[in-house]
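The structure presented is a predicted model; accordingly, all values stated were derived computationally and were not measured. Here is how names work: the chains are called A, B, and so on, in the same order as the sequence lines, proteins then strands, and each is numbered from 1.
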Protein chains: 2
Amino acid sequence: MSDHPAPPTLDDVARAAGVSTATVSRCLNDPKMVSAPTRERVDSAIKTLGYTPNFAARFMAVQRTFTVGAIIPTMENAIFARGLQAFQEELHHHGYTLLVSSSAYQAEAEEEQVRALVARGADGLLLIGYDRDQALYDYLQRQRVPVLAAWSFDPDAAIPSIGFDNRSAMRALTTQVLGMGHTRVAMISAHSAENDRARMRIEGARIAMEQNGLSADDLYVVEVSYDINEGAEAFKTLMTGPNRPSLVLCGNDVLAVGAMRGAAELGLSVPDDVSITGFDDIELAQVVTPALTTVHVPHRQMGRLAAQQLVDMIENKTDGAGKELESHVVMRGSVAEPRS
Amino acid sequence: MSDHPAPPTLDDVARAAGVSTATVSRCLNDPKMVSAPTRERVDSAIKTLGYTPNFAARFMAVQRTFTVGAIIPTMENAIFARGLQAFQEELHHHGYTLLVSSSAYQAEAEEEQVRALVARGADGLLLIGYDRDQALYDYLQRQRVPVLAAWSFDPDAAIPSIGFDNRSAMRALTTQVLGMGHTRVAMISAHSAENDRARMRIEGARIAMEQNGLSADDLYVVEVSYDINEGAEAFKTLMTGPNRPSLVLCGNDVLAVGAMRGAAELGLSVPDDVSITGFDDIELAQVVTPALTTVHVPHRQMGRLAAQQLVDMIENKTDGAGKELESHVVMRGSVAEPRS
DNA sequence: CGGCAGTATGTAAGCGCTTGCATTTTCAAT
DNA sequence: ATTGAAAATGCAAGCGCTTACATACTGCCG
């Protein structure tokens, strides 16, 4: 009815301004190539027509999208939020746009998302951790898409990574808490099968056990999904079963907060009846009562560096060296000496 | 060095399989049009080449992406997470992919994202609330992109919306808590200027004040950003100022949790010294101690319905009627009668 | 005043895919 | 065998943009 039957194209703008499409294109991408008067005519045509360049068409023409994709395991909690935020801010500085999707901690879903992002022309990809099928790495390599892993660091992995040493971080935390005298300890972890971070954290806890005169086998580990409710349930099972622990290490803050809720539901006091620790130091950790003893991870720094590194990989075709960041233990109210 | 210098294209596959590109394309999009033997040859060529169709090229050819975009104010907390999750699950059922981006509660950022999503060929858009520049709506209309608003419901808005009545929800909550006898009440709200949800919640609280024999002007409102720390600071200012309230209504759960942290920092007990309420009923609300009295919002239902509606708008070019959902007050430990 | 930079603009060839239409193949019925 | 309808495949245009190259204008120098 009204104006145009379809959204305006470069061609429409060109016609309206009485110039060629090339001129309009230049106006958009490199204005100084165009004389002032024509530029004005073109600009006003663009404005009155409400023209937005078609991204796909531009992509086809230049084979670059200035877009990077990130696939995170979940958006449901804040674990990746802060880091991702910093990642995207830094990308923005470099003129890139971020596309995010989540895999729900499932390998096939992740693979699907990777393909979707590649098909959409992502210039580079950020993945979490490095545990995944070799075939996926092969695919990515064939597609010439640079990939960077974050939230984990492993100099020997197939792809460069920016992150911290989950194993030694968990070891440090465990050692410190064991120092208070705990001997009956359990751990609530995420499923470790395809999750290097979960696996490393368990290992770290085990190592700490041994270094503190306990047996690694005495660490009873139960694996659940990263979810507050599952954390609460697992905790309750743990505490109502035989050989009740005095210390429950949790794979991350979300599980730990779940455990704390579980404790409340059982009428147990934290830390008097049982000590609980988390991992990540997300906002949640400081909001619960008592506040959570956890491992503080440099989320923002990690996101920022990841963006820098990835952009570098994209633009200079370098392979990127990866970088290990420091994490540190934060002692708060959720741990205490065990009851005698 | 290795295989191909560049990622394989349809053409490469066609050549490898000894057929035309048309056949390969049909193999991908409508396999039953192709005879079994050729299909096998094509499929194996695709596999050995590691071919992924180029999304942009397909988009150009068919002018449809089966992608919808959603722009939410923030990913930093869980406010939109659950609803968005349901939204994307439902979209998936209908064969659509979701692209998410966040505006950081800033109008220009949102506009930028809208354009980016449109440029990327989103078939439809989900926005939060309906408060935005008319020019943006005009633009969207010219681009022929269906838009749906969520988290708010207003039958008279420029675009169809799926959500609840923020005003009456807040009125119900406030009325219920005022019934306990509070007379000195304050509210910590998000900035209401370009946020209809915040504005309606304030209005709802005011209406409840009047209906309960208080003056709407007596509701002291302080506006901050949706952020735990800001909530804590605002709360502390409120409580250390003159005319200290016995009830602090918060615009959402995040602010309320911030307020609770503020109370802890001041050494005030909730709800004995002061009652606090939230809005949204995100996970956080049940994790803090005491648990938060708040308004429960049907996040998942809203997300699901929004997806259905939007798909319908896209596929049938209907205008969509919108739908109002019910919310309800959840009384928990964070409120009590005021001290006498 | 011819000619030559230099600047501004236009022309047209793709980028990788889909799809209407034309062409070839297949195969059952004569 | 012959034929024709149906099934399978190929051809080629075109989706909206960029960009190398060609062309058309400026002045300005000799």
Side-chain angles (χ1 to χ4, degrees), chain A residues 4-43 45-46 49-67 115 118-121 123 143-144, chain B residues 4-43 45-46 49-67 115-116 118-123 143-144:
Chain A
H4 231 57
T9 69
L10 234 213
D11 229 78
D12 297 323
V13 176
R15 210 166 310 125
V19 300
S20 74
T21 60
T23 300
V24 180
S25 175
R26 285 190 276 256
C27 232
L28 256 28
N29 302 305
D30 196 357
K32 54 179 160 298
M33 287 192 73
V34 172
S35 73
T38 17
R39 198 185 321 145
E40 271 167 34
R41 255 179 319 141
V42 171
D43 284 346
I46 288 179
L49 258 46
Y51 166 77
T52 310
N54 180 313
F55 184 81
R58 168 184 263 139
F59 169 35
M60 291 225 50
V62 301
Q63 301 287 320
R64 278 285 260 109
T65 58
F66 285 94
T67 293
R115 287 183 181 270
V118 168
R120 280 191 153 74
D123 293 336
Q143 295 280 343
R144 313 268 137 129
Chain B
H4 232 57
T9 71
L10 235 212
D11 228 76
D12 297 322
V13 176
R15 209 165 312 123
V19 299
S20 76
T21 61
T23 300
V24 179
S25 174
R26 284 190 275 258
C27 230
L28 255 29
N29 302 305
D30 196 357
K32 54 180 161 296
M33 287 191 72
V34 173
S35 73
T38 18
R39 196 184 325 142
E40 272 167 33
R41 254 180 320 141
V42 172
D43 284 346
I46 288 179
L49 258 48
Y51 167 76
T52 309
N54 179 314
F55 185 82
R58 167 184 265 141
F59 169 36
M60 292 226 50
V62 302
Q63 301 289 327
R64 274 294 260 90
T65 59
F66 285 93
T67 294
R115 287 182 181 270
V118 168
R120 280 190 153 75
D123 293 336
Q143 295 280 343
R144 312 271 135 128

Atom CG of Asp30(A) and atom C1' of dT18(D) are separated, to the nearest Å, by 12 Å
Let me know the distance between CG of Asn29(A) and P of dT19(D), rounded to the nearest Å.
7 Å
Could you check whether Thr21(B) and Asp11(B), counting side-chain N and O atoms only, form a donor-acceptor pair closer than 3.5 Å?
no
Rounded at 0.5 Å granularity, tell me how far CZ in Phe59(B) sits from CE in Met60(A).
12.0 Å
If you round to the nearest 0.5 Å, how far is OH of Tyr51(A) from CG of Leu28(A)?
5.5 Å
Closest nucleotide of DNA chain D for Val62(B) versus for Met33(B): which of these residues is on the 5' side?
Met33(B)
Atom NZ of Lys32(A) and atom P of dT9(C) are separated, to the nearest Å, by 15 Å
Please confirm whether the shortest side-chain N or O distance from Thr21(A) to OP1 or OP2 of dG16(D) is below 4.0 Å.
no
Return the nearest nucleotide to the side chain of Ala22(A); candidates are dA12(C), dT9(C), dT19(C).
dA12(C)
Would you say dG16(D) has OP1 or OP2 under 4.0 Å from some side-chain N or O of Thr9(A)?
no
Tell me: CZ of Arg26(B) to P of dC17(C), nearest whole Å?
15 Å
Find the distance Arg15(B):CZ to dG10(D):C1' and express it as a whole number of Å.
15 Å
Need one value for Thr23(B): base, sugar-phosphate or nothing, where a base atom within 4.0 Å counts as base even if backbone is also close, heavy atoms only.
sugar-phosphate
I want to check something: taking the side chain as every heavy atom from C-beta on, are Val42(B) and Val34(B) in contact at a cut-off of under 4.5 Å?
no
I'd like to know if Asp43(B) pairs up with Arg39(B) as an ion pair, taking the criterion as any Lys NZ or Arg NE/NH1/NH2 lying under 4.0 Å from an Asp or Glu carboxylate oxygen.
no
Identify which nucleotide among dG14(C), dT9(D), dG16(C) has an atom closest to any side-chain atom of Gln63(A), counting heavy atoms from C-beta outward.
dG16(C)
Pairwise side-chain contact, Arg120(B) with Thr67(B), heavy-atom cut-off 4.5 Å (strictly under):
no
Note: contacts of residues 52-60 of chain B with DNA chain C (heavy atom, under 4.0 Å) are Pro53(B), Asn54(B), Ala57(B), Arg58(B), Met60(B)
Over how many whole Å does the gap from Arg39(B) atom CZ to dT9(D) atom C1' extend?
14 Å
Could you tell me how far apart Glu40(A) (CD) and dA8(C) (P) are, to the nearest whole angstrom?
14 Å
For Leu10(B) and dT9(D), give me the distance from atom CG to atom P, rounded to whole Å.
15 Å
Mind checking if Ser35(B) touches a base, just sugar-phosphate, or nothing, with heavy atoms under 4.0 Å?
sugar-phosphate
Flag side-chain contact, heavy atom, 4.5 Å: Ser25(A) against Leu10(A):
yes
